[in-house]
Number of protein chains: 2
Amino acid sequence: MNKTTFDASMLAFALDRTMAEPLQVQLAGHLRRLILTGRVGPGARLPSSRVLADELSVSRVTIVAAMEQLISEGYAESRRGSGLYVSGDLPENLLQVGNVGPPPSASMAMPVPVRPFQAGAPDTALFPHRDWARLLDTIWRRPEPALLANADPLGWAPLRAAIAEHLNLWRGIACSPHQVIVTSGAVEAINLLARTVFRSGDRVLIEEPGYRAMRRALELNGLQCQPVPVDAHGFDTTSLTSGATPAKGVAVTPSRHYPLGATLPLSRRLELLDWARRTGGIVIEDDFDSEYRYQGRPLPALMSLDDDDCVVYVGSFSKVLSSSLRIGFMVAPETMLAGISRLLAETGTSAALIAQPVLARFMADGGFAAHIRRMRRIYARRQTKLLAAAAAHLDGLLDVRPAAAGMHLVAELAPALAARMNDASIAARAAGAALTVQPLSSFYAGVPLRQGLIMGFAGFEEAAIEAGAERLGHVLRQ
Amino acid sequence: MNKTTFDASMLAFALDRTMAEPLQVQLAGHLRRLILTGRVGPGARLPSSRVLADELSVSRVTIVAAMEQLISEGYAESRRGSGLYVSGDLPENLLQVGNVGPPPSASMAMPVPVRPFQAGAPDTALFPHRDWARLLDTIWRRPEPALLANADPLGWAPLRAAIAEHLNLWRGIACSPHQVIVTSGAVEAINLLARTVFRSGDRVLIEEPGYRAMRRALELNGLQCQPVPVDAHGFDTTSLTSGATPAKGVAVTPSRHYPLGATLPLSRRLELLDWARRTGGIVIEDDFDSEYRYQGRPLPALMSLDDDDCVVYVGSFSKVLSSSLRIGFMVAPETMLAGISRLLAETGTSAALIAQPVLARFMADGGFAAHIRRMRRIYARRQTKLLAAAAAHLDGLLDVRPAAAGMHLVAELAPALAARMNDASIAARAAGAALTVQPLSSFYAGVPLRQGLIMGFAGFEEAAIEAGAERLGHVLRQ
């Protein structure tokens with residue numbers, strides 16, 4: 001609240017005609033309380049008696065009587081020709097008479113800084129904030145009419161076109177822009193699918209270990225998740241035909257298993273698609289960080305192989321730009337579009353429009369691709385740094401393996417360490433040394449079959465990686 | 001795609017080692033296709049052979065052979081000392097050889113402009129775009145560290161504080177900032193409640209007629225909605241004790257029934273709270289446009305009367321700023337906070353951060369309150385204008401009643417008109433004359449008990465209101 005402005009609406013609840021106390025006394029009392037609690041500061045101008053009478057639906061006589069009371073008490077003063085003001089020289093002790101406002105918000109936590117080795121967090125300090133802010137200013141200062149029209153709940157058309165183009169070039173997906181649906185992230189995509197192409201109680205096979213938020217989103221929508229242990233190649237497709245009840249869906253990370261990193265081989269991709277074709281199953285392809293590949297060439301997205309409208313592709317910008325942007329997208333087969341459109345028309349989208357035209361421009365003018373290229377070089381160096389720092393400080397404790405892509409490494413516990421601690425207790429101790437290492441066991445829905453630590457390297461300068469590895473070494477030797 | 005840049009990643013899927021065609025032929029073919037389809041425009045610089053060899057994991061010999069092929073065909077040219085470029089003088093006819101890219105997006109609808117008498121739409125042309133864009137630029141050009149930290153899924157703390165302050169002053173709710181949860185709108189609030197304090201299958205009483213998106217959001221979460229017909233005073237509290245199965249929740253619009261406009265009297269509010277206290281029921285208070293009141297004083301929010309942690313208050317900024325902002329909020333009783341926090345920590349929020357610090361600043365510096373005051377004056381004039389235009393052009397057809405608050409009026413069909421048409425057919429005909437009038441029958445979950453038209457006045461200049469009323473008169477006389 002700006003203490004030099006005063007809004008008559010602040011007095012909306014000052015007056016109660018059913019009380020014995022005269023209205024002018026109630027009004028003076030409420031004004032006095034606003035001044036004493038600092039809600040209206042010294043020097044603030046009070047509205048004219050005409051305005052107040054109008055807003056509060058009382059006579060001007062009542063207002064003037066209340067004001068005169070305040071003037072006589074020294075809370076307000078009139079300045080010649082310009083109305084009434086809160087006194088500029090209220091004694092300090094007068095201003096500290098208890099708090100009648102809402103309780104203080106001591107219980108609000110401060111945002112937790114991103115610290116080594118938090119995974120999945122891009123280095124937001126390297127984001128082109130200046131360019132982004134300039135685009136925000138340019139686009140929203142005088143917004144084009146389409147931005148002020150009824151927003152398409154499927155997303156801002158130029159962004160959908162830019163995403164389709166991006167997927168076409170980077171992921172080999174020949175989709176049309178109208179198949180792209182802008183969401184607030186993977187969870188909204190799951191909500192939309194659960195409420196259109198799935199039915200409550202449907203079984204969905206998920207990867208074990210896997211992405212917990214995906215599993216929770218499926219479960220919260222009444223779907224039954226059945227974890228399928230992954231092997232060295234990712235999702236085990238033999239699970240498709242085993243089991244008593246047939247599954248209706250499969251949620252996978254074929255480009256790079258999350259969090260272990262295996263790329264699903266072509267043979268298994270074809271088996272997945274074959275299963276879906278035969279059974280009318282739905283494959284949810286979660287492509288969470290395919291932008292960052294350091295070696296070799298990626299396999300095209302699973303969706304690019306799908307001729308039978310079985311695959312839904314789910315992507316996001318949280319790994320490239322920032323997770324707090326809350327812009328993701330899904331690419332749905334033609335057959336699913338009508339249902340999703342109808343649902344979004346009924347309940348609206350949860351994706352905000354504000355960043356969509358900015359991102360569309362950023363993608364169209366090449367800034368987005370340039371940012372990915374730049375980050376890819378930087379993250380590659382950081383992975384190398386983490387490997388070197390692990391060799392120097394964590395030798396004999398952790399076996400940190402290089403990864404061909406992504407933003408984190410998986411560290412296995414050396415036998416001697418595993419004999420002393422499990423990954424969860426390591427994570428708890430590391431937290432005490434201001435380090436975030438996610439235990440691999442926390443990615444399991446059932447009993448953890450493997451122990452390990454997920455160590456993100458993308459978000460941290462090389463010096464921080466070095467220092468973090470050294471601190472982690474101390475923790476593990478204690 | 002900026003046609004003067006070229007990204008080697010565009011070639012990521014150009015090469016398939018399992019094909020008989022030599023890699024250099026494949027590469028030349030893919031590059032040719034990118035040029036022919038205009039994805040890479042005349043004059044674009046091609047990456048060096050070293051960069052390409054690196055990105056594509058092939059030898060430089062292969063790259064150079066492909067490039068020489070393109071040069072010999074006239075698609076590329078070398079410029080002394082600065083590398084290879086796409087030829088600047090490709091003949092136009094060469095550039096039009098069919099489309100190998102994704103199909104054109106003819107099926108993408110243009111955003112529908114807001115037209116008379118669409119309800120619930122603020123006049124976004126009067127939004128202080130320049131101030132807003134300046135704040136966006138200021139805040140995001142060099143973001144403070146907390147904005148780059150792990151975002152609190154409950155929302156940006158200063159915004160939560162500003163909302164608590166606003167509710168305290170304007171709605172009489174003495175909540176603490178930590179009770180305020182920023183959402184992407186009422187639907188996310190319902191999702192959060194359905195997944196924490198309700199159980200699948202719980203019965204929730206809703207207003208009939210009422211807000212359809214609210215009902216759909218409840219139903220999509222597996223809750224059973226039971227419509228309760230409203231009377232002249234809004235929600236009928238006698239329904240609380242009737243019925244075989246007890247209800248677990250009630251969703252109401254006590255400040256102003258949506259869409260009919262009744263304010264729930266104090267006696268019924270107390271009955272609602274008494275029912276909730278006795279049965280452990282939950283009252284969802286949807287306060288959708290309480291900012292715009294033109295006469296009299298508002299009753300404090302229902303939540304301000306609640307001493308027993310029964311009421312959840314749901315609000316949004318869509319009526320004040322823009323619905324495409326996707327920022328709303330809920331105020332939850334202390335007892336519900338832990339569950340909601342846990343859920344949000346698991347699945348994340350769908351509310352984007354980008355506008356939150358901007359809105360917090362806008363509220364704190366008084367711009368928000370000033371904007372509401374300004375709009376209230378303008379909307380009051382527009383309501384007066386609609387009433388006058390209805391008297392002039394719709395006399396004998398519609399009975400348009402004034403409203404003490406809000407952004408729309410309810411028009412009843414005169415008997416002679418009702419004998420000829422129902423409200424849905426009127427809405428369909430009006431759409432043909434570029435007018436949006438929502439039929440009252442569409443707000444009913446069951447059989448519509450009343451006919452009428454919802455006529456928004458807030459979003460339109462007075463001349464457009466006059467012209468719209470005149471057109472509607474023509475439509476209704478045909």
Side-chain angles (χ1 to χ4, degrees), chain A residues 1-2 5 7 9-10 12-13 57 102-103 105 107-108 111-114 124 129-130 133 136-137 140-141 143 146 148-152 157 164-165 168-170 172 174-178 184 187-188 195 213 216-217 220 296-297 300 324-326 346-348 350 352-355 365-366 369, chain B residues 1-2 5 7 9-10 12-13 57 102-103 105 107-108 111-114 124 129-130 133 136-137 140-141 143 146 148-152 157 164-165 168-170 172 174-178 184 187-188 195 213 216-217 220 296-297 300 324-326 346-348 350 352-355 365-366 369:
Chain A
M1 183 58 56
N2 185 328
T5 65
D7 186 338
S9 314
M10 291 167 119
F13 307 112
S57 305
S105 54
S107 56
M108 297 243 281
V112 183
V114 177
T124 46
H129 293 291
R130 189 173 294 268
L136 273 169
D137 184 32
W140 287 106
R141 185 190 311 196
L148 303 182
N150 290 302
D152 186 340
E165 175 84 5
N168 193 266
L169 294 173
W170 292 62
C175 64
S176 155
H178 76 270
S184 62
V187 169
E188 190 186 4
R195 293 164 174 188
R216 284 298 285 145
L220 286 164
R297 288 174 302 111
S324 63
L325 200 58
R326 306 311 313 147
E346 282 180 345
T347 60
S350 55
L353 182 62
I354 189 164
D365 74 7
Chain B
M1 184 59 56
N2 186 330
T5 66
D7 187 340
S9 313
M10 289 168 125
F13 307 112
S57 306
S105 55
S107 57
M108 296 245 281
V112 183
V114 177
T124 47
H129 293 291
R130 188 172 294 268
L136 274 168
D137 184 32
W140 287 107
R141 185 189 313 194
L148 302 182
N150 290 303
D152 185 339
E165 174 83 5
N168 194 267
L169 293 174
W170 292 64
C175 64
S176 156
H178 76 269
S184 62
V187 169
E188 189 184 6
R195 292 163 175 189
R216 285 297 285 145
L220 286 164
R297 288 173 301 113
S324 63
L325 200 59
R326 307 310 312 149
E346 283 179 343
T347 59
S350 54
L353 183 62
I354 188 166
D365 74 7

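Just the heavy atoms: all of them, side chains too, but no hydrogens, waters or symmetry mates, feed the values below. Chain letters run A, B, ... following the sequence lines, proteins first and then strands; every chain starts at 1.
At a 4.5 Å heavy-atom cutoff, A:E188 makes no contact with chain B through either its backbone or its side chain. Contact annotation for A:V112: both backbone and side-chain heavy atoms come within less than 4.5 Å of a heavy atom of chain B. Heavy atoms closer than 4.5 Å to chain B are found in the side chain of A:A151, but not in its backbone.
Between A:H129 and B:R141 the shortest side-chain heavy-atom distance does not fall below 4.5 Å.
Across every non-hydrogen atom of B:A352 and A:L325, the tightest pair is CB-O, 3.4 Å. Taking all atoms of both residues into account, the shortest heavy-atom contact from B:S350 to A:S184 is CB-OG, 3.0 Å.
To the nearest 0.5 Å, atom CG of residue B:N150 and atom OG of residue A:S324 are 9.5 Å apart. Atom OG1 of B:T347 and atom CZ of A:R216 lie 8.0 Å apart (nearest 0.5 Å). Atom CD of B:E346 and atom CG of A:L220 lie 7.0 Å apart (nearest 0.5 Å).
Note on B:D137, B:V114, B:L353: by heavy-atom pairs under 4.5 Å with chain A, the leading option is B:D137.
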